[in-house]
Amino acid sequence: MSKLFESIKINESISLKNRIIMSPMCQYSSEDGFPNNWHFQHYISRAVGNVSAIIQEATAITPEGRISYGDLGIWKDEQIEAYLKITSEIKKYNCVPGIQLAHAGRKASTEKPWLGHQQLKPNEEKGWKTVSSAQLPFNDTDGIPHQLTVKEIQELVKEWGKATERAIKAGFEILEIHGAHGYLVHQFFSPLINNRTDEYGGSFENRIRFVLEVVDEMKKYMTTQSLWVRLSASDWAENGWDITETVKLCKILKENGVDVIDVSSGGGVSYQKIEVKKNYQVPFANAVKNQADIITGAVGLIFEAKQAEEILQKNEADLIFLGRELLRDPYFVLHAAKELGDDIKWLPQYERAKNNHYA
């Protein structure tokens with residue numbers, strides 16, 4: 001059997017049936033943070049398609065933490081029931097439901113991508129004041145974010161805990177902290193964004209303080225669940241956050257109870273220079289896996305079965321996170337198994353289509 005279809009044990013309670021994970025991808029289709037029929041069909045179709053786990057799109061811990069007004073949220077108890085409908089259905093297909101808990105920080109309050117994606121000002125309809133580690137906007141045209149006080153940081157840490165408690169009640173078994181792509185946690189990591197002079201800025205130890213406090217707070221509510229962290233391994237900009245600091249952080253995260261690192265990159269600063277090409281982020285995953293000795297996922301321009309298998313065979317990652325490819329093809333896993341010559345189980349309703357017979 002191909003390594004892509006081997007099971008993997010994540011912790012004492014969670015094992016995945018294969019190595020293909022649905023990566024979190026915003027749908028910008030929510031109202032007041034609630035999931036709806038769009039989210040139900042979107043996620044269940046990928047569970048039917050045989051991915052081993054689904055990490056739900058960035059789900060805001062506070063209303064102000066949303067990227068756009070169309071983002072999902074889990075900041076109030078009333079939202080729990082709507083998620084239960086989704087997670088309970090996902091589990092029926094031997095798929096593990098996960099959620100990415102997020103706060104967009106200075107990159108919040110934007111229009112939906114297909115309507116322009118520009119930042120909406122507080123005085124505009126559906127806009128609000130953004131916050132960050134410092135008073136530096138992402139784009140020159142953006143509003144200056146409010147620099148969080150130490151008290152406000154500590155309050156946000158508590159909100160991550162409350163969101164964790166709700167997520168567990170909603171049936172999620174994997175909880176991922178969004179620490180990548182220039183959103184709030186990343187805004188503390190990067191010296192290009194964080195120019196604070198207090199205990200949350202300056203040194204490496206100070207810049208990672210926020211995420212470690214979030215991890216500790218979330219772990220208070222977790223029992224059998226698995227804690228994952230998505231990181232941008234590089235700012236792709238001079239003097240920014242880099243792979244050396246990423247590996248150093250991952251070693252600490254592992255010691256603090258994190259099971260998996262989901263390795264992405266970029267998104268921190270508008271002037272980043274990324275050479276986007278096939279497998280361009282895989283070297284980062286390779287470094288994290290083999291230097292921090294933690295279960296690691298690779299992501300980014302992975303769109304072929306043989307490509308994904310090769311990454312695993314070369315020991316560059318343990319898991320393959322698919323984003324856009326699963327938007328294009330909800331049944332990528334079934335097609336990949338056929339391409340690699342692996343005989344995996346299909347749902348009985350679809351079995352008669354498995355072998356291309358016309359009868």
Side-chain angles (χ1 to χ4, degrees), residues 24 26 30-35 55-84 87 98-110 122 127-134 145-172 174-189 193-194 196 198-201 207-223 225-231 253 256-258:
C26 289
S30 171
E31 290 188 15
D32 194 29
F34 284 82
I55 310 300
Q56 180 177 283
E57 63 199 83
T59 305
I61 63 161
T62 67
E64 298 76 24
R66 292 174 293 173
I67 301 167
S68 80
Y69 56 86
D71 284 24
L72 288 178
I74 195 159
W75 62 78
K76 55 186 176 183
D77 292 346
E78 291 79 4
Q79 291 159 334
I80 294 172
E81 187 176 352
Y83 289 119
L84 268 171
T87 58
I99 183 172
Q100 186 182 70
L101 298 180
H103 193 299
R106 70 177 187 172
K107 295 179 79 174
S109 187
T110 69
W128 59 87
K129 178 73 173 177
T130 63
V131 301
S132 185
S133 58
H146 164 69
Q147 179 173 310
L148 290 163
T149 65
V150 170
K151 182 182 178 182
E152 289 167 339
I153 291 169
Q154 293 168 350
E155 288 170 351
L156 276 179
V157 169
K158 295 292 185 185
E159 291 299 328
W160 242 286
K162 293 175 187 176
T164 299
E165 185 177 28
R166 294 186 192 104
I168 292 170
K169 288 179 179 177
F172 291 102
I174 296 169
L175 293 92
E176 179 175 271
I177 298 170
H178 198 346
H181 303 160
Y183 298 120
L184 186 60
V185 172
H186 187 179
Q187 289 165 30
F188 279 86
F189 292 156
I193 307 169
N194 181 356
R196 302 175 73 98
D198 61 9
E199 63 265 45
Y200 290 95
R207 287 181 282 117
I208 67 168
R209 189 184 305 278
F210 179 47
V211 75
L212 295 183
E213 290 178 348
V214 170
V215 166
D216 287 347
E217 186 68 19
M218 290 177 66
K219 293 293 284 186
K220 292 177 183 177
Y221 299 91
M222 298 174 67
T223 52
Q225 298 79 24
S226 181
L227 182 55
W228 298 15
V229 179
R230 170 165 272 198
L231 295 174
L253 290 173
N256 284 266
V258 171

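What's counted below: heavy atoms across the whole structure, side chains too, no hydrogens, waters or symmetry copies. Predicted model, so just to flag it, every value in this text is computed and none were measured. Along the sequence shown, residues are numbered consecutively beginning with 1.
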Is it the case that the side chain of [X] and the backbone of [Y] share a donor-acceptor pair, with hydrogens and angles ignored and the cut-off at 3.5 Å?
| X | Y | value |
| --- | --- | --- |
| T110 | I67 | yes |
| Q154 | T149 | no |
| E176 | I55 | no |

How close do [X] and [Y] get, counting heavy atoms only, and between which atoms?
| X | Y | answer |
| --- | --- | --- |
| T130 | S109 | CG2-CB, 4.1 Å |
| A102 | A58 | CB-CB, 3.8 Å |
| L101 | M218 | CD1-CE, 3.8 Å |
| G73 | Y83 | O-OH, 2.7 Å |
| A82 | F34 | CB-CD2, 4.4 Å |
| G161 | E217 | CA-CG, 3.7 Å |

Set out, in order, the CA-CA distance, both residues' side-chain angles and the distance that settles side-chain contact (heavy atoms from CB on, under 4.5 Å) for R209 and I153, then state yes or no.
CA-CA 11 Å; R209 189 184 305 278; I153 291 169; over 6 Å; no
Check: [Y] and [X] side chains under 4.5 Å, non-hydrogen atoms:
| X | Y | answer |
| --- | --- | --- |
| R66 | W75 | yes |
| V131 | H103 | yes |
| T59 | F172 | no |
| V211 | E213 | no |
| P24 | R230 | yes |

Measuring from [X]:[atom1] to [Y]:[atom2], what's the distance to the nearest 0.5 Å?
| X | Y | atom1 | atom2 | result |
| --- | --- | --- | --- | --- |
| I61 | H178 | CD1 | NE2 | 12.5 Å |
| Y183 | R106 | OH | CZ | 11.5 Å |
| D71 | E57 | CG | CD | 7.0 Å |
| K107 | S132 | NZ | OG | 11.0 Å |

side-chain contact (heavy atoms from CB on, under 4.5 Å) with T164: of I99, L175, I74, only one passes, and it is L175
Among V258, V229, L231, L253, which residue satisfies the side-chain contact (heavy atoms from CB on, under 4.5 Å) criterion with I177?
V229
Derivation and outcome, side-chain contact (heavy atoms from CB on, under 4.5 Å), residues K76 and D32
CA-CA 10 Å; K76 55 186 176 183; D32 194 29; 2.6 Å; yes
Mind telling me whether F188 and Y200 have parallel, tilted or perpendicular rings, with 30° and 60° as the class edges?
perpendicular
How are the rings of H186 and F189 set to each other: parallel, tilted or perpendicular (split at 30° and 60°)?
tilted
In sequence, state the C-alpha distance, the side-chain angles, and the governing distance for R166 and D77, and then conclude on side-chain contact (heavy atoms from CB on, under 4.5 Å).
CA-CA 7 Å; R166 294 186 192 104; D77 292 346; 2.9 Å; yes
Could you check whether atom CD of E81 has more than 12 heavy atoms from other residues, nucleotides or ligands sitting under 6.0 Å from it?
no
Mind running side-chain contact (heavy atoms from CB on, under 4.5 Å) on I168 and M222 for me, showing each step along the way?
CA-CA 8 Å; I168 292 170; M222 298 174 67; 4.1 Å; yes
Do E155 and K158 meet the salt-bridge criterion of a basic N to acidic O distance under 4.0 Å?
no
Could you check K162 against E159 for salt bridge (Lys or Arg N to Asp or Glu O under 4.0 Å), going step by step and ending with a plain yes or no?
CA-CA 5 Å; K162 293 175 187 176; E159 291 299 328; 3.4 Å; yes
